[in-house]
Amino acid sequence: MKTQNCGCVTALVSSTLEVVKDFSVAGDLTVWFLCSNVEPRLDLIEKLPATVTVGELGSKLDDAADRIEHQLLNIDEQILGSEDDRFAWGASLIGDSSPYATDLQRNAASYLVAQDILASGGRHLFIVESDNLAWAFSQTALRNGVMLECRVKPRTPSRIFAGLHSRLSMIRQYWRESRILKPIRRNCPLPLKKLRDCEVLIFGWAGEQTFQSNKQNSQFGHLTRMPQVLRNAGLKVGFIANPLGWTQDYTKIVKNVASAFDPVLLTCDTKSLGAVLRGAWTSWKMNRRLKKDVIIAGLNLSPILELERYKDLQSTRPTSAYGYREIGKFLVDHGIKPKVIVHPYERQGWERAFLTGMREYLPETRVVAYQHAPISARFISLFPSEADIESKRLPDQMITMGSYFFRLFESRKFPLERLSMGGSLRYETALSTAEKMTTKSTSQKNGIVLAGTSIDLDEALDLVGKAALALRALPEVRLVVNFHPVVSNDFKARVESFVKKIAGSVAKRVEFSNAGIQDLLPDASVLLYNGSGAAIDAILQGVPAVYVPLGGTISADKIPDHLTIHAANEAELQVVLQKLLLSEDVEKRDRSIGGILAEVDEDAIVKAVLGN
């Protein structure tokens with residue numbers, strides 16, 4: 001396909017306005033924001049010339065993402081240089097492919113949208129998030145016979161330097177952790193005998209106060225009361241603790257684990273310098289041997305893939321993930337041979353590495369994954385590729401939290417014999433509380449719109465900004481912004497400052513709260529969300545949930561469409577809120593809320609864990 005020179009692409013930087021004015025001199029121009037940088041985007045929109053129109057993406061990005069889902073999910077078959085690199089691929093960011101690890105899905109979909117728009121005629125300017133992405137778009141267009149001018153200069157960082165820097169960082173981290181761990185272990189040795197007696201090891205994240213020193217843990221992280229469920233079945237339970245060292249103090253985590261009443265193995269106990277060095281080398285080698293050409297939806301997207309290769313090379317995560325392969329070897333070397341290991345299912349690189357090691361060193365041990373939180377159907381990283389299914393690189397059993405997710409995994413070809421449903425351990429309390437509540441209509445509440453923000457700043461700014469602007473047509477309504485408990489004071493200050501800047505007099509009707517979402521929902525008429533999981537709690541309490549997707553990105557709602565209302569911008573949100581706040585209809589609560597949740601079935605969980 002060929003077009004005239006009717007488009008250009010630029011990054012959202014300080015010079016963007018000048019680029020827009022320069023490009024708009026020749027006539028009418030449509031600007032498309034294929035980015036999620038909220039504050040600079042709004043600043044630019046305010047200053048655009050009258051001859052410039054802002055394009056409405058609507059569902060274009062979502063449609064493009066759905067169109068290429070299958071090919072991206074199976075991209076390993078196209079670009080993996082050698083089967084010898086299969087393990088390193090699984091530990092890599094590209095192999096992970098989650099939206100928190102890589103931008104490949106989003107960037108590929110964005111380019112497809114841009115090329116479709118150019119084919120429709122007219123003059124267009126695409127705003128993206130970085131100089132390098134702008135350059136990748138222009139080079140991708142060139143490879144596909146499309147003229148798309150780039151108005152910024154790409155940065156060309158050294159791949160060798162970036163790769164060496166990330167790997168040296170991992171070596172330094174290993175030494176830091178070793179210096180902390182060794183003296184603590186001298187005073188509190190690993191409870192090897194107790195670990196050998198365990199029939200089940202539960203593998204999950206651990207913080208500074210996860211374990212108790214005077215009694216058994218009945219709950220553990222995202223798996224909540226899984227330890228008690230398994231003990232109720234007569235099983236001896238121990239733990240493998242994955243330290244939350246990037247959010248909490250590593251020394252305090254180690255001390256907490258070392259003083260635990262339960263037998264606990266820390267993942268760092270299993271690490272060795274050799275594993276770090278092997279991880280550094282294998283991840284580097286795999287990255288260098290990936291094939292450079294990739295065809296998606298009939299288009300050559302190689303320059304976009306090249307960006308992800310660089311990110312993977314400069315990241316410490318592939319090297320770190322390799323070390324989880326050594327857990328199986330450590331268990332064997334120390335005579336620890338549990339019947340089963342249970343872990344939360346997120347399908348990150350470290351999970352795949354851990355599973356590979358278990359298959360290699362302890363093939364008789366069952367590995368069981370438990371889906372602890374709702375997921376989006378567009379998070380393709382959560383589903384196995386065809387090569388993974390064929391080679392059985394999957395947990396022995398995957399326990400879903402509800403029938404909706406069971407069907408979702410089934411539709412993505414997850415083998416039925418490896419799927420089961422055990423219910424929603426994480427939402428037991430919410431289910432129980434909801435059952436006792438009397439559902440109120442929105443008109444019986446206090447005209448409060450509750451915005452549940454996530455830990456992503458742009459998501460928070462976008463959600464709160466759209467909500468505050470929508471309130472201009474709702475003079476009697478208040479907005480309460482609920483912050484996620486882990487965000488910093490600086491994060492909160494940025495959001496509050498942003499509201500004051502864009503909302504004008506409406507800002508007086510905006511409140512900010514650090515209270516728990518459960519404490520705020522009883523007084524709320526509506527919940528707004530984008531990246532927050534609060535929608536489940538809201539629906540259980542009879543509060544309508546409105547999904548407000550982050551602009552310029554792929555929508556990734558974790559709640560099925562028929563349970564929520566979508567509002568893409570402040571205009572749509574105004575209409576939705578006006579309708580909801582005037583409604584006298586009482587919401588009929590479905591305790592399973594569309595099959596997302598299910599009551600906990602302890603027998604089903606134990607059966608799945610033991611393989612009976």
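Since the structure is predicted, the reported quantities are computational estimates derived from the model, not experimental observations.
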Is a donor from one side chain sitting under 3.5 angstrom from an acceptor on the other, for [X] and [Y]?
X: Asn144; Y: Asn300; value: no
X: Ser130; Y: Asn132; value: no
X: Gln314; Y: Ser166; value: no
X: Gln115; Y: Tyr111; value: yes
X: Asp293; Y: Ser302; value: yes

Using the side chain to side chain donor-acceptor pair (under 3.5 Å) criterion, which residues pair with Glu56? Sequence neighbours excluded.
none
Is a side-chain N or O of [X] found less than 3.5 angstrom from the main chain of [Y], in a donor-acceptor match?
X: Glu496; Y: Ala493; value: no
X: Gln71; Y: Ala297; value: yes
X: Asn74; Y: His70; value: yes
X: Arg309; Y: Asn287; value: yes
X: Arg143; Y: Pro303; value: no
X: Glu351; Y: Glu346; value: yes
X: Ser169; Y: His165; value: yes
X: Thr16; Y: Ala11; value: yes
X: Arg352; Y: Trp89; value: no
X: Ser315; Y: Arg317; value: yes

In plain terms, say whether [X] and [Y] are close enough for a salt bridge, that is, a side-chain N and a carboxylate O under 4.0 Å apart.
X: Asp388; Y: Lys413; value: no
X: Glu77; Y: Lys291; value: no
X: Arg378; Y: Asp66; value: yes
X: Glu129; Y: Arg41; value: no
X: Arg86; Y: Glu83; value: yes
X: Lys466; Y: Asp462; value: yes
X: Asp84; Y: Lys285; value: no
X: Arg67; Y: Asp62; value: no
X: Asp96; Y: Arg347; value: no

Crowding at [atom1], [X] (>12 non-hydrogen neighbours, <6.0 Å):
X: Arg494; atom1: CZ; result: no
X: Arg288; atom1: CZ; result: no
X: Trp284; atom1: CH2; result: yes
X: Leu474; atom1: CG; result: yes
X: Arg155; atom1: CZ; result: no

Atom pair [atom1]/[atom2] of [X] and [Y] - distance to nearest 0.5 Å:
X: Gln105; Y: Ile554; atom1: CD; atom2: CD1; value: 4.0 Å
X: Arg289; Y: Leu80; atom1: CZ; atom2: CG; value: 9.0 Å
X: Glu69; Y: Ile380; atom1: CD; atom2: CD1; value: 6.5 Å
X: Leu527; Y: Ile448; atom1: CG; atom2: CD1; value: 12.5 Å
X: Leu550; Y: Ser36; atom1: CG; atom2: OG; value: 5.0 Å
X: Thr553; Y: Asn530; atom1: OG1; atom2: CG; value: 8.5 Å

So do the side chains of [X] and [Y] get within less than 4.5 Å of each other, counting heavy atoms only?
X: Ile304; Y: Leu104; answer: yes
X: Lys501; Y: Ser497; answer: no
X: Ile295; Y: Gln78; answer: yes
X: Phe498; Y: Val38; answer: yes
X: Val543; Y: Ser525; answer: no
X: Lys47; Y: Lys21; answer: no
X: Val113; Y: Phe126; answer: no
X: Asp85; Y: Leu290; answer: no

When the aromatic ring centroids of Phe87 and Tyr322 are compared, is their separation below 6.0 Å?
yes
Pick out which of Phe409, Phe405, Phe379 makes a ring pair (Phe, Tyr, Trp, His ring centres under 6.0 Å) with Tyr345.
Phe409
Quick check: closest heavy atoms across Ala109 and Ala64, and the distance to 0.1 Å?
O-CB, 3.7 Å
Considering non-hydrogen atoms only, spot the tightest contact between Ser454 and Val487 and give its length.
O-CG1, 4.2 Å
Ring-face cation of Arg151 near Phe23 (centre distance under 6.0 Å, axis angle within 45°)
no
Assess the residue pair Tyr529 and Asp557 against the criterion (side-chain hydrogen bond (donor to acceptor under 3.5 Å, both in side chains)); give the C-alpha distance rounded to whole Å, side-chain angles, the decisive distance to 0.1 Å, and a yes or no.
CA-CA 9 Å; Tyr529 72 103; Asp557 193 3; 2.9 Å; yes
Report the C-alpha separation of Thr53 and Val31 in whole Å, then their side-chain angles, then the decisive distance to 0.1 Å, and conclude whether the side chain to side chain contact (heavy atoms under 4.5 Å, CB included) test is met.
CA-CA 6 Å; Thr53 301; Val31 173; over 6 Å; no
With under 30° as parallel and over 60° as perpendicular, where do the rings of Tyr547 and His566 fit, or are they tilted in between?
tilted
Report the relative orientation of the aromatic rings in His372 and His222; use parallel for angles under 30°, tilted for 30 to 60°, perpendicular for over 60°.
parallel
Begin from the C-alpha positions of Lys311 and Glu308 and carry the test salt bridge (Lys or Arg N to Asp or Glu O under 4.0 Å) through to its verdict.
CA-CA 5 Å; Lys311 292 176 188 175; Glu308 301 309 320; 3.3 Å; yes
Would you check, one step at a time, whether the test side chain to side chain contact (heavy atoms under 4.5 Å, CB included) holds for Leu118 with Val146?
CA-CA 9 Å; Leu118 287 173; Val146 176; 3.7 Å; yes
List the steps, then state whether side chain to side chain contact (heavy atoms under 4.5 Å, CB included) holds for Ile502 with Leu469.
CA-CA 8 Å; Ile502 70 165; Leu469 293 176; 4.3 Å; yes
Pair Val495-Phe512, side chain to side chain contact (heavy atoms under 4.5 Å, CB included): steps then yes or no:
CA-CA 9 Å; Val495 174; Phe512 301 90; 4.1 Å; yes
